[in-house]
Amino acid sequence: MTPEETVESALAEMFRMSKARFGNAVKGYWFCDDEACPGCGRPIDLVKIKGKEAVSLNAFIHRKPGILIGYLLCKRCARQIFQAAEKNPYQQTPLHSTIEKNLVAAYEQYRNSLPA
């Protein structure tokens, strides 16, 4: 399986789980394939987790259209979020807000690029 297929499969599973949990509030999903991190703008790179290299695949629900947006983070932003979650579980950080704002803008740009 290619890395792209692996990400697509994982995002499809995240969508399935979100749909089961939130029902009709989640209508579809979209993957932001930008090469820049939505948190800081640096290039997406691998993060080490338990001594192995991995990508930081994440998602959030863009509530207005009901779209689960999948995205990758750079290792710096991923570490920052992991550390914040250890200190204050289930708390949104300013970095989360930045990421969501940037992803909503990217999603709207994508939607506007589609044929009418």
Side-chain angles (χ1 to χ4, degrees):
M1 191 178 279
T2 67
E4 292 82 11
E5 291 170 331
T6 302
V7 167
E8 175 66 28
S9 177
L11 188 56
E13 180 63 15
M14 289 172 151
F15 173 70
R16 186 193 66 71
M17 292 169 59
S18 297
K19 192 84 170 142
R21 183 169 182 185
F22 301 110
N24 291 336
V26 184
K27 296 170 180 52
Y29 66 93
W30 175 72
F31 180 69
C32 181
D33 61 0
D34 288 350
E35 293 181 16
C37 176
C40 67
R42 288 186 168 90
I44 301 295
D45 52 3
L46 299 174
V47 61
K48 285 216 176 198
I49 299 175
K50 297 182 180 180
K52 295 188 179 196
E53 290 185 328
V55 294
S56 178
L57 175 62
N58 307 274
F60 85 99
I61 299 170
H62 180 10
R63 287 185 180 96
K64 188 175 180 183
I67 297 297
L68 181 75
I69 298 178
Y71 60 96
L72 301 176
L73 291 176
C74 71
K75 64 183 168 192
R76 180 176 169 239
C77 288
R79 273 194 224 120
Q80 187 176 341
I81 287 177
F82 292 153
Q83 290 170 349
E86 286 177 3
K87 292 178 186 172
N88 300 301
Y90 309 109
Q91 299 293 313
Q92 183 146 329
T93 68
L95 180 55
H96 285 102
S97 297
T98 298
I99 291 167
E100 290 178 12
K101 181 184 92 176
N102 290 337
L103 290 168
V104 166
Y107 178 73
E108 295 305 323
Q109 184 177 17
Y110 160 76
R111 292 239 355 232
N112 291 334
S113 73
L114 296 174

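Throughout, numbering of the chain's residues begins at 1 and tracks the sequence. Predicted model, so just to flag it, every value in this text is computed and none were measured.
When all heavy atoms of Ala84 and Thr93 are compared, the pair lying nearest together is CB-CG2, 3.7 Å. Residue Pro65 comes nearest to Tyr107 through the heavy atom pair CG-CE2, 4.1 Å, listed as atom of the first residue, atom of the second, then distance. Closest of all the heavy-atom pairs between Ser18 and Leu68 is OG-CD1, 3.8 Å.
At distances below 3.5 Å, at least one donor-acceptor pair connects side-chain atoms of Asp45 with backbone N or O atoms of Lys75. No donor-acceptor pair under 3.5 Å is formed between the side chain of Ser9 and the backbone N or O of Glu5. With hydrogens and angles disregarded, no donor-acceptor distance shorter than 3.5 Å links the side chain of Lys19 to the backbone of Lys27.
The cluster map of Ile, Leu, Val, Met, Phe, Trp and Tyr, joined by side-chain heavy atoms under 4.5 Å apart, puts Val26 and Phe60 in different clusters. Under a hydrophobic clustering in which Ile, Leu, Val, Met, Phe, Trp and Tyr are joined whenever their side-chain heavy atoms come within less than 4.5 Å, directly or via other members, Ile81 and Leu46 fall into different clusters. Hydrophobic cluster membership is shared by Tyr71 and Ile67, with clusters built from Ile, Leu, Val, Met, Phe, Trp and Tyr side chains linked at under 4.5 angstrom. A continuous path of Ile, Leu, Val, Met, Phe, Trp and Tyr side chains, each step under 4.5 Å between heavy atoms, connects Ile69 with Leu95, placing both in one hydrophobic cluster. Clustering ILVMFWY residues whenever any of their side-chain heavy atoms sit less than 4.5 angstrom apart, transitively, puts Leu57 in the very cluster that holds Ile61.
Atom CG of Asn112 is surrounded by more than 12 heavy atoms from other residues, nucleotides or ligands within 6.0 Å.
Residues passing the side-chain contact (heavy atoms from CB on, under 4.5 Å) test with Ile49, sequence neighbours excluded: Val47, Ala54, Phe82.
By the 30° and 60° cut-offs, the orientation of the rings of Tyr29 relative to Phe15 is tilted.
Residues Ser56 and Leu72 form no side-chain contact, since every pair of their non-hydrogen atoms from C-beta on lies 4.5 Å or further apart. Residues Leu73 and Asn58 are in side-chain contact: their nearest non-hydrogen atoms beyond the backbone lie under 4.5 Å apart. The side-chain heavy atoms of Pro43 and Glu35, taken from C-beta on, include no pair separated by under 4.5 Å.
Atom SG of residue Cys32 and atom CG of residue Asn102 lie 9.0 Å apart, to the nearest 0.5 angstrom. Distance check: Tyr110 OH to Asp33 CG gives 10.0 Å after rounding to the nearest 0.5 Å.
With respect to the salt-bridge test (charged N to carboxylate O, under 4.0 angstrom), the residues Glu108 and Arg111 do not qualify.
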